[in-house]
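Okay, structure first, notes after.
Numbers here are sequence positions counted from 1.
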Amino acid sequence: MHVLKALIVTSTLTFPALGQLDSWAKAAGLKYFGTAVDNPSLNNQAYMKIVRDADEFGQITPANGQKWSNTESGQGRFSYGTGDAIANVPKQTGQLLRCHTLVWYNQLPSWVSSSFSRDQMQRIITSHIQNVAGHYKGQCYAWDVVNEAMEDDGKFRQSPMYKAMGVDYITHSFKTAAQTDPGAKLYYNDFNIERCCNAKINATLVMLKTVIAAGARVDGVGMQGHSRVGKSPSKRELKDTMAAFSQLVDELAYTEIDIRHTKLPTTAADREQQAKDYLEVVGACLETPKCVGITVWDFTDQYSWIPGQYSGEGEACLWDKSLNKKPAYTSVISLLQSAASAGLRKTPAPTAPVSTVPLCCGQGADNHDTIDLISEQPRKLK
Ligand code: G3I
């Protein structure tokens with residue numbers, strides 16, 4: 001009976017003739033498998049050939065191009081050259097564009113300082129979002145409206161926006177984004193909110209509940225997913241977190257996956273472990289009905305941000321520096337293929353209004369070592 005059911009399900013699915021990441025991800029029931037792309041790599045032809053292959057990547061995120069320092073470096077002076085250079089790629093190929101990011105404490109030009117009053121900051125945020133999201137209106141599948149608003153200990157990050165407006169800056173940002181580009185999915189995006197359970201995840205749930213209760217539309221939570229080989233979260237831990245977020249929003253996504261080695265050069269065993277770690281993330285997404293897709297934070301070690309930030313660490317991506325696929329690529333594609341053949345994914349249930357804040361793994365317990373996931377606080381380079 002079971003076998004028969006499986007045959008019936010698989011016979012209604014269409015499989016890609018030549019399997020690559022995005023085509024198999026779609027066959028397995030996801031919306032996309034994507035990658036970040038940064039401006040310096042746009043003139044690398046071999047790299048761009050892979051980027052433009054819509055069977056490999058169905059979604060592109062500008063790694064830096066749309067950030068505040070690039071789009072409004074001086075107050076009211078908007079420029080879209082770096083953002084457009086990346087956004088033009090999916091325009092030509094039909095890939096989805098995930099837009100990143102409107103309001104973030106980092107890569108902020110110095111004029112966005114803590115000296116502004118609440119009203120001034122509200123006007124600054126309104127203008128930034130209306131202009132930038134307005135410029136890209138209709139192009140973005142999703143916007144990371146607010147990025148990294150919380151600290152690892154669960155407190156609000158003391159950004160210039162928070163100092164001026166408190167949590168209202170988040171509500172205001174989502175409301176303004178919804179008015180400006182109603183067709184885009186509006187995401188909250190952060191790191192260290194993947195492994196259930198920690199103070200940051202529970203604080204994020206409370207923050208989202210507050211913002212939604214204040215009338216803002218938050219469609220999705222983006223879990224960045226920068227982690228370390230051998231210390232990455234398990235599928236179980238990842239699914240527990242997503243179960244909690246699923247109660248508040250309609251979509252979840254892994255938005256910036258990379259899994260770095262902390263010791264270089266790597267051995268074959270290290271690379272196998274990395275392949276297993278990637279599987280946990282992809283498996284968690286496949287087994288969570290609201291998880292729509294996975295984006296890697298660049299696909300090749302050639303352009304990964306890790307070595308620039310963490311000296312002596314890296315090789316975090318699916319392709320090596322010479323654009324050869326690694327064991328992690330093979331394991332990810334095999335899992336997507338098996339998931340497609342098994343036809344396991346279910347249609348997500350719509351989000352019902354919740355009266356209480358869902359807590360991840362019980363009453364705010366903080367039983368897992370959050371240090372395993374990378375904190376992006378700049379670290380002293382050796
Ligand atoms: O643009 C300047 C260039 O003019 C200068 O010559 C050069 C010298 O170092 O620096 C360039 O700026 C760099 C910028 O990337 C553009 O390449 C910055 O130094 C560098 O710090 C910056 O790093 C980016 C980082 O965000 C900043 O926090 C990474 O490329 C980018 O991949 C990374 O992406 C973030 C996500 O947006 C949010 N989540 C975490 C993720 C990784 O940190």
Side-chain angles (χ1 to χ4, degrees), residues 20-21 33-51 56-57 61 63-64 106-107 148 152 190-195 223-235 237-238 254-285 294-335 368-382:
Q20 287 168 294
L21 290 171
F33 197 106
T35 184
V37 177
D38 204 359
N39 294 76
S41 50
L42 287 173
N43 52 16
N44 177 336
Q45 286 184 9
Y47 172 93
M48 287 308 294
K49 190 163 181 256
I50 300 173
V51 168
E56 199 74 89
F57 296 114
T61 307
N64 286 298
N106 200 352
Q107 286 174 286
E148 302 174 8
D152 283 354
D190 212 332
F191 62 92
N192 279 356
I193 56 164
E194 300 84 2
R195 183 200 300 268
M223 297 152 293
Q224 296 183 7
H226 302 288
S227 65
R228 294 181 181 134
V229 171
K231 293 183 174 174
S232 261
S234 68
K235 185 170 77 175
E237 291 167 320
L238 295 166
Y254 287 110
T255 51
E256 306 185 11
I257 295 294
D258 50 27
I259 307 182
R260 62 181 182 163
H261 294 277
T262 52
K263 199 168 45 73
L264 300 174
T266 58
T267 63
D270 295 334
R271 293 188 288 276
E272 287 305 321
Q273 181 61 49
Q274 183 183 50
K276 285 185 190 151
D277 292 342
Y278 266 95
L279 283 186
E280 299 293 302
V281 180
V282 176
C285 185
I294 298 160
T295 307
V296 289
W297 206 243
D298 227 307
F299 62 91
T300 161
D301 296 334
Q302 190 176 355
Y303 295 118
S304 171
W305 67 289
I306 299 283
Q309 187 83 25
Y310 299 95
S311 178
E313 303 186 17
E315 298 190 10
C317 301
L318 295 176
W319 276 253
D320 69 15
K321 282 195 169 76
S322 312
L323 296 178
N324 299 309
K325 293 169 181 170
K326 295 194 215 168
Y329 176 96
T330 314
S331 71
V332 167
I333 207 145
S334 308
L335 180 60
H368 292 285
D369 178 8
T370 58
I371 292 162
D372 283 351
L373 279 170
I374 294 167
S375 161
E376 289 165 345
Q377 301 308 312
R379 229 178 56 165
K380 228 175 153 193
L381 299 182
K382 286 171 208 149

Q: Could you verify whether a donor N or O on one side chain and an acceptor N or O on the other, from N106 and E148, lie under 3.5 Å apart?
A: no
**Q.** R228 CZ to R260 CZ distance, which is reported to the nearest 0.5 Å
**A.** 4.5 Å
Q) When rounded to the nearest 0.5 angstrom, what distance separates SG in C317 from CD1 in I257? A) 11.5 Å
Q: List the atom of K326, the atom of E315, and the distance in Å for their closest heavy-atom pair.
A: NZ-O, 3.0 Å
Q | Heavy-atom donor-acceptor pair, D190 side chain to Q224 backbone, under 3.5 Å | A | no
Q) What heavy-atom pair brings N44 and Q302 nearest, and what distance separates the two atoms? A) ND2-NE2, 3.4 Å
Q | Spacing of OG1 belonging to T267 relative to NE2 belonging to H261, to within rounding of 0.5 Å | A | 8.0 Å
Q: Find the distance between CG (L279) and CD1 (I259) and round it off to the nearest 0.5 Å.
A: 9.0 Å
Q) Measuring from C285:SG to L335:CG, what's the distance to the nearest 0.5 Å? A) 10.5 Å
**Q.** Any donor-acceptor pair under 3.5 Å from H226 side chain to E256 backbone
**A.** yes
Q. Can you find a heavy atom in the side chain of L318 that is under 4.5 Å from one in the side chain of L21?
A. yes
Q: Please tell me if the side chains of F191 and T255 come closer than 4.5 Å, counting only heavy atoms from C-beta onward.
A: no
(Q) Within the 4.5 Å heavy-atom criterion, are V281 and L238 side-chain neighbours or not? (A) yes
Q. Does any donor atom in the side chain of Q274 or D270 lie under 3.5 Å from an acceptor atom in the other side chain?
A. no
Q | Closest heavy-atom pair and its distance - A275, S331 | A | O-OG, 3.1 Å
Q.
Checking T61 against W297 for the side chain to side chain contact (heavy atoms under 4.5 Å, CB included) test, could you report, in this order, the C-alpha distance in whole Å, the side-chain angles of both residues, the deciding distance, and whether it holds?
A. CA-CA 9 Å; T61 307; W297 206 243; 3.9 Å; yes
Q) Does atom NZ of K325 have more than 12 heavy-atom neighbours from other groups under 6.0 Å away? A) yes
(Q) Please check: side-chain N/O of E194 versus main-chain N/O of G225, any donor-acceptor pairing under 3.5 Å? (A) yes
Q.
So Y254 and V282, do their side chains get closer than 4.5 Å, heavy atoms only?
A. no
**Q.** Any donor-acceptor N/O pair, T295 side chain to T35 backbone, under 3.5 Å
**A.** no
Q: Under the ring pair (Phe, Tyr, Trp, His ring centres under 6.0 Å) rule, collect the residues that match up with F299, sequence neighbours excluded.
A: Y47, F57, W319
(Q) Less than 4.5 Å apart, side chain to side chain, heavy atoms only: is that true for K231 and T262? (A) no
**Q.** Intermediate values then yes/no, side chain to side chain contact (heavy atoms under 4.5 Å, CB included), V37 and L42
**A.** CA-CA 8 Å; V37 177; L42 287 173; 4.2 Å; yes
**Q.** Minimal non-hydrogen separation, Y278 against A316, with atom names
**A.** OH-O, 2.5 Å
Q | Donor-acceptor pair between W305 and D38 side chains, under 3.5 angstrom | A | no
Q.
Minimum heavy-atom separation for S334 and T330, please, with both atom names.
A. OG-O, 2.7 Å
Q) Taking atom types as modelled, is there a side-chain donor on T266 or R271 under 3.5 Å from an acceptor on the other? A) yes
